[in-house]
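Written below as C-alpha cells is the structure these notes are about.
Only a predicted model underlies this, so the values are computations on that prediction, with no experimental measurement involved. What's counted below: heavy atoms across the whole structure, side chains too, no hydrogens, waters or symmetry copies.
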Amino acid sequence: MSLLHLFVLSPFLFAILIPFLYRYVRKVHTGWFVLVLPVALFLYFLQFIKLTSNGEEVIRTFEWIPSLDINFTLHVDGLGLLFALLITGIGSLVTLYSIYYLSKDKEALHNFYVYLLLFMGAMLGVVLSDNLIVLYTFWEITSLSSFLLIGYWYKREKSQYGAQKSMLITVFGGLALLGGIILLYMMTGTFSIREMIANLDSIKGDALFLPALILVLLGAFTKSAQFPFHIWLPDAMEAPTPVSAYLHSATMVKAGIYLVARLSPVFSDHAAWFILISTFGIFTLFWGSFSAVKQTDLKGILAFSTVSQLGMIMSLLGVGSASLHYDYLENNIFIVAITAAIFHLINHATFKGSLFMVAGIVDHETGTRDIRKLGGLMGIMPVTFTIALIGSFSMAGVPPFNGFLSKEMFLTGMVNVLKMDIYNLETWGLLFPVIAWVGSVFTFVYSMILFFRTFTGKLQSEKLEKKPHEAPLGMLISPVILASLAVIFGFFPNILSSTLIIPAMKSILPTIGQNGGEFDVEIKHWHGFTPELFMTIGIIVIGTLLFISIKKWSRIYTLFPKKLSLNYLYDKSLLGSETGSNQLMKMFMTGYVRDYLLYIFTFFAVLLLSTLFVQNAFSINVDDVAPIGLYEVILSLV
C-alpha cells in the first residue's frame, strides 16, 4: 500500500482514536487534535500542484479483489486534486470553526468528529478513486456519514426528519448509480474510468449506453440536489452550522458535480448527456433562486441558494460537454463554459462557506437566524458584517469580487448556446440565456435580503434571545480567510488558471489535448461592451428594484398551494408506503404456521413450475417410448 493510500485512508484510521482522546483528554477541545489531520492532508496534496500543472498524473494501485477487477486504484490528476484541496482545505477551516462553535462541555464531540472524519475520508475516496466500484463504496459512506452529521442533534424531531430525508433520496440515487456502473462494466469489461475513456469506441451505439447514462445522472442529480431531488438539502440545515458549511457548500453536494465532470468524456458522445445536464441544471438554478427569496431563516436562504448555485455549475458542465460532441473547437465557444464551471466551483466554496459561518455566528451570538427578528447588527458585529458583505456581493455577482467573474463567464456560456445547432434558435435555445438571466436576478435579490435584513435597519433587541456582540476571534478566523480568498481571487483570478483550472479542464476534456488543442484561460473583469455586460447591468438594476419593492410582489409565493409542492408529495408518499407496508404485513403475518408453510411451498412451486415452462421441460417426445399395456394402466390407477 502506497503513501497516497495511507493519506486517503488516514481520516478513517484517525476516527478510531477520537473516542479515546475524548475520554482521556477532557481538558482540551477534541477539535484541536482533529485539526492536525486535515491541515496535514491539505499540505500533502499541495505538493501535487506542480505535477498536475505540467500535465502529469499520479496513479497508485493496491490490489483488492483482482479476480473481480476491483482494485483500490488512486488517480491524482487536475480534477481529482482540485476536489482534494477543497475537501481538505475547507475541512481544516470548518474544523477550526467548530472548536469555537461547539462547546466541549455540552456536546458529544467524540460523535461529531468521528462522523466528520468518516465523511472527509469518504469524499477523498470518491474524488481520487479510478475504480468505479471503489468510488461507489466511498459514495455510499458519504451518504451514511452525512446522515449521521445531519442527525447529530438526534433528539430534535427536525434533525431526525432531515437526516432520514437526505438518506432516502441520496441512497436511492446511489443505487441507481450502482446500476449504471454495472451496465458500464457490461459494455466495457472494466471498472476503471481511465480504461473506459481509452476504449470509448467499444461502447458507441451499445443498447445499454443510454440506460447507463440515465442511471449515472440519477446518482449525480440526487447527490447534488438537482430539481426535483433538491428537497433534501433545505431540511439538512438542521445540522450544526459547521456541517452545513462543509457538506452543503464545498464537499458532499459537489460529489454529483464531480461525477458529471469525471464521466463527461465517457458519456458526452451522446446528445442526451449535455441536453439533460444543461436543462435540469438551468431549471434548478432558477427554481433554487426563486425559492430562496421567500425564506426567513438565514440557513434556509443559504440552502436554496446552494441549490441554485449547484444548478448553475451543472448547466455549465452540460453546455461545456458539447465541445466533446460537436466540432466547435475552432473558436472554443464552449470551452468557456467548462472554465466557468471549475472557477465557480472554487468561488462558491469561498463565499458560500464564509456565509454559512456568518449564519452560525449570528445564531450563536443572538440566539436566532430569523431575519424577521434580526437587523441593525452592523455596528455591533463589524467583522461579521464585513465578511457578510464580501460573501453576499460575491454571490450576487457584483464586481470586484470573484463571484462576478465566474457569473460573467456563466452568462457567456449561456449566450453561446444560441450558436448550437441542436436547438431551434427560435424556441429552446433562447430559453437558456433567458432563464440564466432571470435566475441571476433572483440570486441578486436573495443575496441582498441575506445581507441588508441582517445587518442594516433597526436593532430589535427585544426579539433576540441573547444580547448581540461580536464573535470571538477563533470563530472569525475561518470566515475571514474564506472572505479574503473571495477578494484575492476577484482581483487576481489568474493565479488559479495554470495551477488548478487548466489541469482540471484537461481531465474533463482529454480528447482536446490529444488532438493538439491548448487551453488558453485568461480571466479578466472587462471584456468590452458584450451582451453579458448588459445582462449584468440589467441584473443589478432589476434586482435592486425587486429588492426595494419586495413587499408588493412577494405575495406571488402565496399562490403556490402546499399540496402541489414536492415536499408534500414526498411526505405523502412516505406516509403511504408506511401505511401500505403495515397493512401488507398484517395481511401476511397471521400468526399461524400453516399460513407460513403455505407461503413457502407456494413460492417454491411457482418458482419450479415457471422454470420448467421457461426451459420447455414439458415437451416430451413419446415417439420412441414403448407402448403402454393394460397392466401399466391398472398400476397407474391404483
Do [X] and [Y] touch side chain to side chain, with heavy atoms closer than 4.5 Å?
{"X": "V243", "Y": "F112", "value": "yes"}
{"X": "L4", "Y": "V76", "value": "yes"}
{"X": "L482", "Y": "I90", "value": "yes"}
{"X": "L215", "Y": "I181", "value": "no"}
{"X": "L500", "Y": "I342", "value": "no"}
{"X": "I361", "Y": "M381", "value": "yes"}
{"X": "F343", "Y": "I313", "value": "no"}
{"X": "F12", "Y": "V114", "value": "no"}

Heavy-atom donor-acceptor pair, [X] side chain to [Y] backbone, under 3.5 Å:
{"X": "T443", "Y": "S289", "result": "no"}
{"X": "T251", "Y": "Y246", "result": "yes"}
{"X": "S308", "Y": "L285", "result": "yes"}
{"X": "D77", "Y": "G80", "result": "yes"}
{"X": "K223", "Y": "W139", "result": "yes"}
{"X": "K407", "Y": "N402", "result": "no"}
{"X": "Q160", "Y": "Y154", "result": "yes"}
{"X": "W232", "Y": "T222", "result": "yes"}
{"X": "S224", "Y": "V253", "result": "yes"}
{"X": "H29", "Y": "I99", "result": "yes"}

Could you label the plane-to-plane angle of the [X] and [Y] rings as parallel, tilted or perpendicular, counting under 30° as parallel and over 60° as perpendicular?
{"X": "F172", "Y": "F229", "answer": "tilted"}
{"X": "F280", "Y": "F221", "answer": "tilted"}
{"X": "Y101", "Y": "H364", "answer": "tilted"}
{"X": "F138", "Y": "F72", "answer": "tilted"}
{"X": "Y44", "Y": "F48", "answer": "perpendicular"}

Measure from the ring center of [X] to the ring center of [Y] and say whether it is less than 6.0 Å.
{"X": "Y113", "Y": "H110", "answer": "no"}
{"X": "F385", "Y": "F451", "answer": "yes"}
{"X": "F401", "Y": "F489", "answer": "no"}

Could you tell me which non-hydrogen atom of [X] sits nearest to which non-hydrogen atom of [Y], and how far apart they are?
{"X": "M357", "Y": "A245", "answer": "CG-CB, 4.3 Å"}
{"X": "D69", "Y": "T190", "answer": "OD2-CA, 3.3 Å"}
{"X": "F147", "Y": "Q164", "answer": "CE1-N, 3.9 Å"}
{"X": "G162", "Y": "I150", "answer": "C-CG2, 3.8 Å"}
{"X": "V58", "Y": "R60", "answer": "CG1-NH1, 3.7 Å"}

Is it true that D363 and K466 have a side-chain N and a carboxylate O under 4.0 angstrom from each other?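 Looking at D363 and K466, the cut-off is not met.
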
Distance in Å, [X] [atom1] paired with [Y] [atom2], rounded so as to fall on 0.5 Å steps:
{"X": "L355", "Y": "S305", "atom1": "CG", "atom2": "OG", "answer": "7.5 Å"}
{"X": "K254", "Y": "M123", "atom1": "NZ", "atom2": "CE", "answer": "9.5 Å"}
{"X": "L218", "Y": "Q226", "atom1": "CG", "atom2": "CD", "answer": "12.0 Å"}
{"X": "H469", "Y": "T384", "atom1": "NE2", "atom2": "OG1", "answer": "10.5 Å"}
{"X": "M120", "Y": "S145", "atom1": "CE", "atom2": "OG", "answer": "10.5 Å"}
{"X": "T137", "Y": "N131", "atom1": "OG1", "atom2": "CG", "answer": "8.5 Å"}

Out of the candidates L46, L128, T499, T52, only one should pair with L81 under the side chain to side chain contact (heavy atoms under 4.5 Å, CB included) rule; please name it.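 Output: one option passes, namely T52.
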
Identify which one of L217, I508, I193 satisfies the side chain to side chain contact (heavy atoms under 4.5 Å, CB included) criterion when paired with L263.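 Checked L217, I508, I193 against L263; only one passes side chain to side chain contact (heavy atoms under 4.5 Å, CB included): I193.
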
Set out, in order, the CA-CA distance, both residues' side-chain angles and the distance that settles side-chain hydrogen bond (donor to acceptor under 3.5 Å, both in side chains) for E465 and T366, then state yes or no. CA-CA 6 Å; E465 297 179 13; T366 66; over 6 Å; no

Side chains of K104 and T30: is there a donor and an acceptor less than 3.5 Å apart?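 The answer is no; no qualifying pair exists.
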
Between N347 and S406, does any side-chain donor sit less than 3.5 Å from a side-chain acceptor?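 Note: N347 and S406 side chains meet the donor-acceptor criterion.
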
Dump the intermediate steps for side-chain hydrogen bond (donor to acceptor under 3.5 Å, both in side chains) on E107 and W153, then the final yes or no. CA-CA 9 Å; E107 302 286 355; W153 286 319; 3.1 Å; yes

Is the count of non-hydrogen atoms from other residues, nucleotides or ligands lying under 6.0 Å from E157 atom CD greater than 12?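 No.
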
